[in-house]
Amino acid sequence: MTRPPVALTIAGSDSGGGAGIQADLKTFLGCHVHGMSAITAVTAQSSTGVAGIHELPASDVAEQIDVVVADIGVDATKTGMLANADIINAVADAAARLSLGPFVIDPVCASQHGDPLLRPEAITALIETLFPLADLVTPNLGEVRVLTGLVVDSLDGMRAAAQALHDLGPRWVLVKGGHLDGADAIDVLYDGTDFIELSAKRRETPHTHGTGDTLAAATTAALARGADMVTAVRAGKAYVTAAVDDSFALGKGLGPVGHFWRVRPDETSS
Ligand code: PLP
């Protein structure tokens with residue numbers, strides 16, 4: 001096999017395997033990209049929520065990035081849970097120093113259960129040091145509220161939020177409307193000039209743990225394969241829509257989106 005495209009995720013570990021680093025690496029595989037990881041924090045997490053968080057020293061996060069970029073190289077990079085301002089500053093420093101390829105920021109603030117995954121005092125660092133380096137930022141409506149103060153309940157509101165976020169420096173913004181009511185889940189992609197709406201049939205299921213990570217990871221994988229931004233985001237949306245269709249109950253709480261639809265069953269298994 002020739003060298004596949006290579007993507008790097010800088011994010012937290014979810015011990016339940018549904019979100020975070022684990023979701024990113026499954027998605028990278030599903031998108032035929034070699035996945036590498038720089039772990040920012042280890043969460044003790046199940047389908048019922050986050051029980052504990054161990055944040056790694058920022059220098060350890062930087063070292064994970066430095067060694068893989070120096071040896072292997074990276075075609076595209078995404079960030080997920082960054083935990084605190086020291087880690088954000090270390091990641092911003094790495095992104096400015098190194099060649100990380102197209103840079104996608106999923107501005108993870110909390111889990112679907114409401115457990116905080118980013119310290120509140122780190123939000124300013126996220127906006128001021130990381131957003132100007134981003135090719136794409138992918139907030140959901142809860143994150144839009146934390147980042148801009150805007151309370152969004154309509155498509156017009158999503159467009160206004162995309163403009164406000166674009167003013168903070170990223171080249172593209174994807175505002176995800178999955179939490180709005182309606183038959184379709186509509187996202188708004190904005191590059192400072194044009195708004196593009198991406199729509200998919202809403203699937204009524206509580207088992208959507210890892211949705212945001214999976215969308216950002218699939219988009220990053222497409223960028224690593226050389227796609228332009230609109231094509232990459234469409235590919236990311238198609239992947240996550242299929243993964244939500246493939247979601248399943250697991251544990252006593254919210255189950256994960258599925259990646260099995262991308263994996264051929266082992267012919268030796270019954
Ligand atoms: N845990 C970790 C480590 C994550 O990175 C994320 C999302 O990025 C989550 C949990 C939250 O996932 P969800 O919002 O799907 O519950």
Side-chain angles (χ1 to χ4, degrees), residues 9-12 14 18-21 23-24 40-41 43 45 49-50 53 77-85 87-88 91-92 103-181 185-191 195 197-198 208-220 233 236-237 240 244 254 257:
T9 171
I10 305 169
D14 168 6
I21 288 279
D24 292 341
T40 56
T43 71
Q45 186 171 176
V50 178
I53 296 179
T77 298
K78 79 167 278 269
T79 68
M81 173 187 180
L82 293 174
N84 63 49
I87 293 176
I88 289 170
V91 171
F103 192 50
V104 176
I105 296 178
D106 182 11
V108 174
C109 296
S111 78
Q112 282 176 11
H113 291 279
D115 312 294
L117 298 172
L118 181 69
R119 292 175 184 262
E121 64 272 20
I123 288 161
T124 310
L126 184 66
I127 293 171
E128 290 182 358
T129 68
L130 221 45
F131 276 20
L133 301 172
D135 289 296
L136 175 68
V137 176
T138 64
N140 62 32
L141 297 185
E143 289 154 357
V144 164
R145 187 173 186 166
V146 170
L147 294 165
T148 66
L150 294 171
V151 179
V152 174
D153 60 5
S154 67
L155 207 49
D156 275 347
M158 288 172 68
R159 290 194 196 98
Q163 278 173 321
L165 286 157
H166 189 267
D167 286 347
L168 300 174
R171 286 184 47 234
W172 292 80
V173 177
L174 180 70
V175 175
K176 300 178 292 189
H179 296 126
L180 276 188
D181 292 336
I186 299 174
D187 302 335
V188 171
L189 180 62
Y190 181 61
D191 66 349
F195 295 100
E197 285 172 26
L198 296 104
T208 57
H209 182 49
T211 312
D213 315 63
T214 299
L215 171 61
T219 302
T220 304
V233 172
K237 177 96 172 163
V240 78
V244 171
L254 305 178
V257 297

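When a residue number appears, it is its place in the shown sequence, counting from 1.
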Taking the side chain from [X] and the backbone from [Y], do they hold a donor-acceptor pair closer than 3.5 Å?
X      : Y      : result
Gln163 : Ala160 : no
Asp213 : Gly20  : yes
Thr43  : Val50  : no
Gln112 : Leu254 : no

Scan for side-chain hydrogen bond (donor to acceptor under 3.5 Å, both in side chains) pairs involving residues 114-128, sequence neighbours excluded, and state none if there are none.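 The answer is Glu55-Arg119, Ser111-Asp115.
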Quick one: [atom1] on [X] to [atom2] on [Y], what's the gap to the nearest 0.5 Å?
X      : Y      : atom1 : atom2 : result
Ile21  : Thr40  : CD1   : OG1   : 6.5 Å
Asp191 : Leu136 : CG    : CG    : 11.5 Å
Gln45  : Met81  : CD    : CE    : 8.5 Å

Are [X] and [Y] side-chain neighbours, meaning at least one heavy-atom pair lies under 4.5 Å?
X      : Y      : value
Leu118 : Ile123 : yes
Leu174 : Leu198 : yes
Val144 : Met158 : no
Leu168 : Val173 : no
Phe131 : Leu165 : yes

Closer than 4.0 angstrom, basic N to acidic O: yes or no for Asp135 and Arg171?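 Between Arg171 and Asp135 there is a salt bridge, with a charged N closer than 4.0 Å to a carboxylate O.
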What verdict does the side chain to side chain contact (heavy atoms under 4.5 Å, CB included) test give for Thr138 and Lys78, after you've listed the backbone C-alpha separation in whole Å, the side-chain angles of each residue and the deciding distance to 0.1 Å? CA-CA 10 Å; Thr138 64; Lys78 79 167 278 269; over 6 Å; no
Among Leu126, Ile105, Leu82, Thr129, whose side-chain contact (heavy atoms from CB on, under 4.5 Å) with Val91 holds?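 Among Leu126, Ile105, Leu82, Thr129, the one meeting side-chain contact (heavy atoms from CB on, under 4.5 Å) with Val91 is Leu82.
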Do you know which of Thr77, Val104, Thr79 makes side-chain contact (heavy atoms from CB on, under 4.5 Å) with Thr220?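 Single side-chain contact (heavy atoms from CB on, under 4.5 Å) partner of Thr220 among Thr77, Val104, Thr79: Val104.
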For Ala161 and Leu150, work out which heavy atoms get closest and say how close.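 Taking Ala161 first and Leu150 second, the nearest heavy atoms are CA-CD1, 3.7 Å.
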Go through the steps to decide whether Val244 and Thr211 satisfy the test side chain to side chain contact (heavy atoms under 4.5 Å, CB included), and finish with yes or no. CA-CA 7 Å; Val244 171; Thr211 312; 4.2 Å; yes
Look at the aromatic rings of Tyr190 and Phe195 and report parallel, tilted or perpendicular, splitting at 30° and 60°.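 Judged by the thresholds at 30° and 60°, the geometry between Tyr190 and Phe195 is parallel.
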Looking at Arg159, I'd like to know if its CZ atom is crowded, meaning that more than 12 non-hydrogen atoms belonging to other residues, nucleotides or ligands lie closer than 6.0 Å.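 For Arg159, atom CZ is crowded (more than 12 foreign heavy atoms under 6.0 Å).
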